[in-house]
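Residue numbers begin at 1 in each chain, while the letters A, B, ... track the order of the sequences. FYI, side chains are in, hydrogens and waters are out, and symmetry mates aren't considered; it's all heavy atoms of this structure.
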Number of protein chains: 2
Amino acid sequence: MTESLHKYINSFIQLSKEEIEVIEEISVCKKIKKNELIAENGKVCRKVLFAGEGYFRFFHIDSRGNEITSDFYFAPSFITSYTSFITGVPSFVNVQAMHDMDVLEFSKEDLYDLYDKYPKFERVGRLIAEKVAINSEEHLFLLLNQTAQTRYQRLLEQNPQYVNTIPLQYIASYLGITQETLSRMRKSIK
Amino acid sequence: MTESLHKYINSFIQLSKEEIEVIEEISVCKKIKKNELIAENGKVCRKVLFAGEGYFRFFHIDSRGNEITSDFYFAPSFITSYTSFITGVPSFVNVQAMHDMDVLEFSKEDLYDLYDKYPKFERVGRLIAEKVAINSEEHLFLLLNQTAQTRYQRLLEQNPQYVNTIPLQYIASYLGITQETLSRMRKSIK
DNA sequence: ATGATTTTTTGACATTTGTCAAGAGTTATC
DNA sequence: GATAACTCTTGACAAATGTCAAAAAATCAT
């Protein structure tokens with residue numbers, strides 16, 4: 001598991017032996033159950049997880065009581081309710097694990113300590129924030145510019161290993177359409 | 001102008017005299033004309049601007065030749081084609097000034113130098129990246145969860161000083177609807 | 001395996017939104 | 001201040017998507 005984390009961090013910055021040890025020290029292994037919420041609407045999220053495999057779903061309940069899936073995060077990645085973690089405001093999204101899985105957990109305090117003590121980790125923090133920003137920007141761009149059908153096909157192409165296991169209703173709200181429309185769309189693609 | 005920049009940076013981190021001087025040294029004052037593109041589709045964006053007043057529009061041309069406004073950025077703020085600036089990939093959005101205005105320009109090289117030399121600026125970089133991420137996340141959330149009408153009213157409330165001067169067509173595509181639909185919506189609100 | 005639960009598909013119909021075209025209003029320019 | 005260029009509104013109609021209800025298919029738990 002820590003193996004997977006190093007590989008991930010190494011994909012954007014080189015860490016020394018010491019730095020690897022330091023981050024290992026503050027990480028806590030956890031087992032997460034399918035459907036478990038790692039961040040919850042109304043609660044402040046004070047931790048970040050690192051997942052080496054599997055994926056997470058971001059969702060909330062809209063004014064009419066429907067669950068709306070706003071995002072999927074595919075491993076390897078850090079996962080948190082980003083806005084809540086950063087600002088300390090209660091999360092408006094729920095973040096849900098879609099599988100049983102092993103993760104590494106980091107507390108906000110430990111992470112901010114790291115930022116203070118090691119400029120290198122401050123940089124890691126910046127790079128990850130930039131990654132999140134770029135990801136959201138792309139998601140936004142796709143939502144505004146591509147039809148639901150194009151976005152669905154893109155999701156299929158980019159995450160073939162997962163997409164066919166995601167319940168249709170989740171994908172539909174992620175695409176901003178109803179389940180029925182997605183079902184019909186799918187049929188017409190074949 | 002630099003005055004306004006310090007005030008802005010100070011709103012999230014305290015800078016020393018030296019640090020203020022350093023950032024002044026690498027900033028270049030520029031005059032920007034209304035409608036000027038500060039980042040352009042297909043071109044790599046290697047600079048960040050700081051604007052003390054006014055606002056910018058992010059847009060691109062969709063597959064059918066229509067201009068789609070994907071975002072507005074209101075001063076005070078740093079402005080760039082974020083994804084292109086960070087990744088070095090050609091920008092997919094155009095970023096357009098909506099007024100004549102004065103801005104400060106920073107080159108990528110100078111900024112990255114600053115990151116290397118001063119951990120404090122590395123942190124500023126992180127905080128700004130986080131701000132961008134949070135902003136996109138919120139925009140995404142609104143797009144997926146609120147009706148066009150709610151989003152329009154929200155835009156009105158949050159930026160009353162600008163919204164009534166933004167051409168309707170820009171706002172409409174930002175909301176993901178047509179100009180005609182927005183016009184009818186507006187009528188029904190009154 | 002079998003019944004229960006969940007997920008997906010389908011149909012009929014209502015509603016929303018888009019499209020196209022024309023006209024009214026506004027703003028800029030000479 | 002008249003003309004042109006742009007922006008906004010309106011109407012009639014078409015197309016896309018949503019809603020509700022029910023059936024079919026897939027999955028889960030005992």
Side-chain angles (χ1 to χ4, degrees), chain A residues 33-37 54-55 57 59 61-70 72 94 96-100 142-153 155-156 160-190, chain B residues 33-37 54-55 57 59 61-70 72 94 96-100 142-153 155-156 162-190:
Chain A
K33 284 274 170 211
K34 180 172 178 179
N35 293 336
E36 190 172 328
L37 297 181
Y55 69 98
R57 178 171 81 101
F59 74 95
I61 312 295
D62 74 7
S63 52
R64 289 191 295 176
N66 299 316
E67 260 191 20
I68 309 286
T69 297
S70 54
F72 295 107
N94 301 285
Q96 184 182 45
M98 300 300 280
H99 307 281
D100 291 358
L142 289 173
L143 257 186
L144 283 168
N145 307 307
Q146 307 298 146
T147 62
Q149 179 157 336
T150 307
R151 283 180 284 130
Y152 176 64
Q153 288 177 315
L155 191 65
L156 271 180
Q161 74 277 34
Y162 294 120
V163 175
N164 288 312
T165 75
I166 304 177
L168 202 68
Q169 43 175 323
Y170 295 166
I171 298 182
S173 65
Y174 173 76
L175 297 174
I177 58 180
T178 61
Q179 192 180 168
E180 292 91 336
T181 300
L182 178 55
S183 176
R184 289 176 181 120
M185 227 175 62
R186 236 185 190 177
K187 191 181 175 187
S188 80
I189 289 174
K190 281 182 208 156
Chain B
K33 283 274 170 212
K34 179 172 179 179
N35 293 335
E36 192 172 328
L37 297 181
Y55 68 99
R57 177 171 79 102
F59 74 95
I61 312 295
D62 75 6
S63 52
R64 289 191 295 177
N66 299 316
E67 258 190 23
I68 309 284
T69 297
S70 54
F72 295 108
N94 301 285
Q96 184 181 45
M98 300 299 280
H99 306 279
D100 291 356
L142 290 172
L143 256 186
L144 282 168
N145 306 309
Q146 307 298 146
T147 62
Q149 181 158 331
T150 307
R151 283 180 283 130
Y152 176 64
Q153 288 176 316
L155 190 66
L156 271 179
Y162 294 122
V163 175
N164 288 312
T165 74
I166 303 176
L168 201 68
Q169 43 175 324
Y170 296 165
I171 297 183
S173 66
Y174 172 77
L175 297 174
I177 58 180
T178 60
Q179 191 181 170
E180 291 91 336
T181 299
L182 178 55
S183 176
R184 288 175 182 123
M185 228 174 64
R186 239 187 188 176
K187 192 182 177 186
S188 81
I189 289 173
K190 277 181 213 157

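Between the axis at the start and the axis at the end of the helix from C:dA1-D:dT30 to C:dC30-D:dG1 there is an angle of 60°, using five pairs per end and rounding to 10 degrees.
Here the CE-OG1 distance, from A:Met185 to A:Thr178, works out to 10.0 Å after rounding to the nearest 0.5 Å. In this structure, the separation between CZ on B:Arg184 and CD on B:Gln179 is 10.5 Å, given to the nearest 0.5 Å. In this structure, NZ in A:Lys187 is found 13.5 Å from CG in A:Leu182, a value given to the nearest 0.5 Å. Taking CG of A:Leu175 as the reference point, atom OG1 of A:Thr150 lies at 10.5 Å (rounded to 0.5 Å). Atom CD of B:Glu180 sits about 10.5 Å away from atom CD of B:Gln169, to the nearest 0.5 Å. For the atom pair CD1 of A:Ile166 and CD1 of A:Ile171, the computed distance is 4.5 Å after rounding to the nearest 0.5 Å.
Listed by chain and residue number, A:Glu67, A:Thr69, A:Gln96 satisfy the side chain to side chain donor-acceptor pair (under 3.5 Å) test with A:Arg57 (two or more places apart in sequence, or in another chain). With sequence neighbours excluded, no residue forms a side chain to side chain donor-acceptor pair (under 3.5 Å) with A:Ser70. Applying the side chain to side chain donor-acceptor pair (under 3.5 Å) test to B:Tyr162 and every residue at least two apart in sequence or in another chain returns nothing. In this view, B:Leu156 and B:Tyr152, B:Val163, B:Asn164 satisfy the side chain to side chain contact (heavy atoms under 4.5 Å, CB included) rule, not counting sequence neighbours. Among residues two or more places apart in sequence or in another chain, the side chain to side chain contact (heavy atoms under 4.5 Å, CB included) test is passed with A:Ser183 by A:Leu168.
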Every protein N/O lying under 3.5 Å from an N/O of nucleotides 5-8 of chain D:
from  : atom 1 : to       : atom 2 : distance (Å)
D:dT7 : OP2    : B:Gln169 : NE2    : 3.2
D:dC8 : OP1    : B:Leu168 : N      : 3.1
D:dC8 : OP2    : B:Leu168 : N      : 2.7

Return the polar atom pairs (N/O with N/O) between nucleotides 22-25 of chain D and the protein under 3.5 Å, or none.
none

Side chain to side chain contact (heavy atoms under 4.5 Å, CB included) evaluation trace for B:Tyr174 with B:Leu155:
CA-CA 10 Å; B:Tyr174 172 77; B:Leu155 190 66; 4.1 Å; yes
Go through the steps for B:Phe59 and B:Tyr170 under the test side chain to side chain contact (heavy atoms under 4.5 Å, CB included), then give the verdict.
CA-CA 9 Å; B:Phe59 74 95; B:Tyr170 296 165; over 6 Å; no
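In this structure, the CE atom of A:Met185 is 14 Å from the C1' atom of C:dT9, given to the nearest Å. Distance, A:Leu175 CG to C:dT8 P: 13 Å, rounded to whole Å.
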Expected string for nucleotides 11-19 of chain C under the B/S/- scheme (protein heavy atoms, under 4.0 Å, primed atoms plus P, OP1, OP2 as sugar-phosphate) is BB----SSB
